[in-house]
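The structure appears right after this line, and notes come after that.
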Amino acid sequence: PPSSLPTHVGSAVVATMGALDGIFNKNSIMSMVANFSTAYNLKVIAQMLAIQAYVYPEENPKTGHNVHSDSSTAVKTAALVGAIVGQLTMGYVGDAIGRSKAMNLTMALTLAGCILSSVNPPYGYSAPGPNVTAAQVALDPVYGASSIHGEFVWLTFCRFLLGVGVGGVYPLAATVAAESSEDNTNRGIRVSVVFSSQGLGFLATSLLGMLVMAINPSSDVIPPDHPNTCAMYYKYSGVKYYTHEEFHMSNFTCSSGEVCHEWTCPTGANDVNWRVLAALGALPGILMLPFSVTETAAIKDDTMKTSTFWADISDRQHWTKLIGTAGGWFLFDIVFYGNTLFASAVTKAIYKDSTNLMTEFAHNTVLFAIALPGYYVATALMEKLGRKNIQMLGFFMMFVLYITLSQLLTGGSNGAIGAKAGLSPGTLLFLYGLTFFFANFGPNSTTFILPSETFPAEVRTSLNGFSAAMGKAGAAIGSAMFLPLADAIGAPQVIMVCGFISLAGFLVTYFFVEDRRGKAMASSGNSAYGSVAGSINTEKTSLLHPVS
């Protein structure tokens with residue numbers, strides 16, 4: 001009854017506080033830091049490319065139709081592809097040689113990817129890549145033949161390397177957190193707290209982006225007399241034309257002595273700031289260097305470990321559960337990562353002055369802030385409602401919100417989004433923010449937890465990694481397909497598609513997800529994989545001893 005709701009909420013809060021008492025042992029803290037690092041490094045590429053767009057000509061949407069350029073697409077998807085490789089391989093490595101050694105390897109790869117991404121040449125302006133149009137090249141004979149920036153080739157490789165590292169964190173951090181719990185009644189809360197650091201990692205990308213640009217506000221992109229730089233626009237009789245082609249298609253030419261082009265360089269658009277943001281992604285790994293995760297499964301005692309990753313996947317006894325863990329994660333990440341691509345377009349529909357980097361990053365911060373409480377609501381209710389129910393609730397609310405938004409928005413060319421007349425900006429922002437809130441108070445939290453407790457110890461990180469890899473495969477599909485699809489059929493229609501994918505996630509959860517709330521983690525009976533959680537949980541924060 002409704003009158004009992006405060007009692008249920010109160011008991012959930014009390015249970016959560018009890019579970020948090022003692023959660024911050026060494027393994028939990030290191031898993032939280034690793035998960036924070038993963039979220040930051042996957043998301044920060046959006047801020048990096050936003051700054052690079054004013055540094056390298058082929059990335060600047062104001063100098064041509066390069067919004068979906070080959071260079072930026074390769075860089076954006078490289079980490080996702082690397083993450084799939086890392087989730088598949090590091091999950092198996094965790095089962096084969098132990099969680100601790102595998103976690104050290106993933107953090108080493110993440111460190112290397114971050115540092116290499118930030119220091120590689122060329123520095124500043126050089127020749128344009130293949131997405132600069134012939135008309136733009138003709139404006140400056142210095143360009144000559146187009147060739148892709150070495151910057152983007154090298155950055156694509158570095159982001160792939162980084163992706164392998166951060167991808168490996170998914171199965172390892174979840175499994176370590178789950179196996180470190182000595183109490184089945186609050187295991188979900190403990191793993192959920194570890195996962196909630198993802199929200200802080202997302203929020204940090206925009207906050208640190210604004211901080212870095214405030215410290216270094218220089219806009220030393222290219223000399224302002226260069227026709228292919230910065231946020232250039234042609235101006236004639238008060239009308240702006242954002243490309244050379246648009247200007248001349250309007251039958252205007254520059255008469256002698258008339259100013260036909262002007263430049264606006266946003267604060268912080270320089271070749272240093274994006275490199276600083278890339279390098280900051282290495283900081284969590286550097287802080288973790290003196291420490292090592294305490295092993296949570298007695299892998300070394302299993303002398304019969306002869307199975308391979310493909311043998312684990314091919315074992316039919318796991319297939320039904322894999323449909324629930326991997327299938328739900330796959331469907332969710334299609335929507336989650338695809339929807340993220342519309343964030344800039346939606347905020348521009350809300351805030352008409354979204355014309356500089358500081359404003360763009362501030363708007364992203366608002367969305368992340370609306371979404372952040374979803375992690376903590378999920379944590380508070382994880383044992384009260386259960387993983388399965390929370391995941392179904394999240395998917396269903398996302399279905400309702402996406403269908404509602406698709407009816408309140410209008411589409412335009414190049415995937416543009418607008419709000420229908422009479423819809424207040426605050427209402428649109430609130431509804432769009434709720435899609436992220438229920439993603440976090442829903443499948444974003446539960447898909448991380450479910451594989452870590454659904455499978456037996458000897459295949460736990462392997463099948464956890466497979467489930468996470470299916471999620472990143474969905475993320476790659478969403479990232480690659482949603483913007484071109486929006487160009488073809490309109491953004492509101494794509495948002496409607498998000499709704500029906502969410503409904504499919506609801507059905508997969510209902511039929512195939514096992515709720516192990518209050519139960520022991522799945523076990524095959526192999527005694528060689530005995531729990532060592534009791535000794536792990538005696539290590540409080542005061543016992544963060546460096547590795548000897």
Side-chain angles (χ1 to χ4, degrees), residues 27-28 30-39 41-42 79-110 162-181 187-188 190-192 194-195 197-198 293-297 299 305 307-313 315 318 321-322 324-330 332-333 387 443-475 516 521-522 529:
N27 278 7
S28 296
M30 294 191 70
S31 295
M32 290 177 72
V33 173
N35 210 45
F36 174 93
S37 171
T38 293
N41 284 304
L42 284 177
L80 293 177
V81 175
I84 294 173
V85 174
Q87 287 160 341
L88 293 173
T89 57
M90 294 302 167
Y92 179 75
V93 168
D95 283 335
I97 67 174
R99 312 340 184 193
S100 181
K101 292 179 181 179
M103 183 72 87
N104 291 340
L105 179 57
T106 61
M107 294 311 296
L109 291 172
T110 302
L162 181 146
V164 174
V166 300
V169 168
Y170 276 85
L172 293 169
T175 300
V176 166
E179 291 178 344
S180 297
S181 177
R187 181 180 61 247
R190 291 169 181 262
V191 182
S192 185
V194 168
F195 182 69
S197 62
Q198 181 195 74
V293 168
T294 301
E295 187 56 63
T296 57
I299 303 293
K305 178 64 178 177
S307 66
T308 64
F309 172 79
W310 293 114
D312 295 341
I313 296 295
D315 190 339
H318 303 310
K321 295 177 180 178
L322 274 175
T325 59
W329 210 334
F330 173 78
F332 170 70
D333 272 10
R387 292 57 138 164
N444 198 24
S445 295
T446 53
T447 52
F448 182 81
I449 299 171
L450 286 167
S452 68
E453 60 184 10
T454 299
F455 304 106
E458 61 269 27
V459 297
R460 185 168 292 143
T461 55
S462 293
L463 299 188
N464 194 326
F466 177 80
S467 299
M470 290 303 97
K472 283 298 170 283
R516 300 196 66 85
M521 291 189 292
Y529 286 80

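Among all heavy-atom pairs drawn from Pro443 and Phe332, the shortest one is CG-CD1, 3.4 Å. Residues Arg387 and Thr446 share a closest heavy-atom pair of O-CG2, 3.4 Å. Pro451 and Arg460 make their closest contact through O-CG, 4.2 Å (heavy atoms, listed as atom of the first residue, atom of the second, distance). Listed here is the closest heavy atom pair of Phe36 and Ser197: N-OG, 3.5 Å. Among all heavy-atom pairs drawn from Gly465 and Pro171, the shortest one is N-CB, 3.5 Å. Contact detail for Val166 and Thr110: the closest heavy-atom pair is N-OG1, 3.4 Å.
Atoms CE and OG1, on Met470 and Thr325 in that order, are 10.5 Å from each other to the nearest 0.5 Å. With rounding to the nearest 0.5 angstrom, the OG atom of Ser100 is 11.5 Å from the CG atom of Leu105. To the nearest 0.5 Å, atom OG of residue Ser452 and atom CG of residue Leu172 are 11.5 Å apart. If you take CG on Asn104 and CE on Met30, they are separated by 6.5 Å, rounding to the nearest 0.5 Å. Atom CG of Leu42 and atom OG of Ser37 lie 9.0 Å apart (nearest 0.5 Å). Interatomic distance, Tyr170 OH to Asn464 CG, rounded to the nearest 0.5 Å: 11.5 Å.
Counting only N and O atoms by type, the side chains of Asn27 and Ser31 include no donor and acceptor under 3.5 Å apart.
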(request) Would you check, one step at a time, whether the test side chain to side chain contact (heavy atoms under 4.5 Å, CB included) holds for Lys321 with Leu463? (result) CA-CA 10 Å; Lys321 295 177 180 178; Leu463 299 188; over 6 Å; no
(request) Could you walk me through whether Phe195 and Asn444 pass side chain to side chain contact (heavy atoms under 4.5 Å, CB included), step by step? (result) CA-CA 9 Å; Phe195 182 69; Asn444 198 24; 3.5 Å; yes
(message) Apply side chain to side chain contact (heavy atoms under 4.5 Å, CB included) to residues Thr461 and Tyr92 and explain how you reach the verdict.
(response) CA-CA 6 Å; Thr461 55; Tyr92 179 75; over 6 Å; no
(request) For Lys472 and Gln87, run side chain to side chain contact (heavy atoms under 4.5 Å, CB included): C-alpha distance rounded to whole Å, both residues' side-chain angles, the deciding distance at 0.1 Å, then the answer. (result) CA-CA 9 Å; Lys472 283 298 170 283; Gln87 287 160 341; 3.4 Å; yes
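Just one of Thr89, Asp95, Thr175 meets the side-chain hydrogen bond (donor to acceptor under 3.5 Å, both in side chains) condition when paired with Ser462; it is Asp95.
Using modelled atom types, no side-chain atom of Thr447 and backbone atom of Trp329 make a donor-acceptor pair closer than 3.5 Å.
No side-chain heavy atom of Glu453 sits under 4.5 Å from any side-chain heavy atom of Val191. Contact of the Val169 side chain with the Met107 side chain is registered, since non-hydrogen atoms from C-beta on lie closer than 4.5 Å.
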